[in-house]
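Reviewing the structure listed below.
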There are 2 protein chains.
Amino acid sequence: MGAAPLHREVERRLVEHDVRYTRGRRAVVDALADSPGPRSAAELVVTMDDPVPLSSLYRTLSVLEESDVVVPHLATKGIARYELAEWLTGHHHHFICTSCGAVEDIELTPTDEEAVDSLVDRIAERAGYVPTNHELEIAGLCKECA
Amino acid sequence: MGAAPLHREVERRLVEHDVRYTRGRRAVVDALADSPGPRSAAELVVTMDDPVPLSSLYRTLSVLEESDVVVPHLATKGIARYELAEWLTGHHHHFICTSCGAVEDIELTPTDEEAVDSLVDRIAERAGYVPTNHELEIAGLCKECA
DNA sequence: CCTAGAATGAGAATCGTTCTCGTTAACTAT
DNA sequence: ATAGTTAACGAGAACGATTCTCATTCTAGG
């Protein structure tokens, strides 16, 4: 999704929730859109053109989360990382490096994603659940740490 | 696994790592074995017969984690919850109910687990990672909430 | 352009977790 | 069993990520 349509979608969603789509919030959405994976507040600050105070950044992330524009990713102990919600970026999975703590997105091939989907459906049906979402998290060593 | 064999297995593992299986560590393992799900440090304290200081409890959990006797579960923002490791309780995945928030273990059939394993290996190899662990989290509605 | 209410920035406060250090308990060899 | 050595423990301080407070600054609507 390009930047303009992204902002249009996000603005529509925020207006629905009676909050403004301000410059600071746009900047956070841009920073997340540029990230190849979930990013913590501290990580976001360094990637942004003009730095935002952490207190504002946390509040912005909280507002965006309430409107389901971003979702928190909590796999790394002690820090919350955020990414744009799936309805904005599409479905993907995560890889977590057990050595350096980096978190990266993993795109599956359509074939693999189909395999995961059917597996999830089968598993959930057998257990009596109604699945609405799923995520495969792979932990291990990233290229740098291997 | 009963309490006695559990303690025997844990002790063997700890001794391999040159750490002692003391009374306090036994108490934490017992508390986790009695828990129907992952427990945070604060939650563990209240369930234990004689309360352990938090500083000791955190150190104990850290020691147990280093020896792979317990693993952290980080689904709740800002709090780490621990459970006994898979080699003690069996490999499982998690289902999270989006309605009531319940977290339940999911056991896969050997066939399905093999399918997940090979899928994980294939995905990780393509991305250049060395996978050591994985978890499939399925979100949706549990039996009660469906 | 004015105004009311929302958003922001700076810093203090909070909360989970980790660190420090003096004390206590657990193995080892006698 | 006892003493000596060293790991483990307890208490509290310290730390880091996040949240809160409140005075100031934007923003949308009139």
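Lettering follows sequence order; numbering is per chain, from 1.
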B:Glu43 atom CD is separated from C:dT17 atom P, nearest whole Å, by 10 Å

Do nucleotides 6-25 of chain D as a string where each nucleotide becomes B, S or -: B if the base has a protein heavy atom under 4.0 Å, S if just the sugar-phosphate does, - if no protein is that close.
BSSBBBB----SBBB-----

With a 4.0 Å cut-off on N to O distance, would you call A:Arg12 and A:Glu16 a salt bridge?
yes

Under 3.5 Å, side chain of B:Arg39 to main-chain N/O of B:Leu32, donor-acceptor pair present?
no

Among side-chain atoms of A:His92 and A:Glu104, is any donor-acceptor pair under 3.5 angstrom?
no

Between D:dC26 (C1') and A:Arg26 (CZ): distance, integer Å
14 Å

For the pair made of CD in A:Glu11 and C1' in D:dA28, what is the distance, rounded to whole Å?
12 Å

Does the side chain of B:Asp68 reach to within under 4.5 Å of the side chain of B:Trp87, using non-hydrogen atoms?
yes

With no hydrogens and no angle check, just 3.5 Å: does a side-chain donor-acceptor pair link A:Glu135 and A:His94?
yes

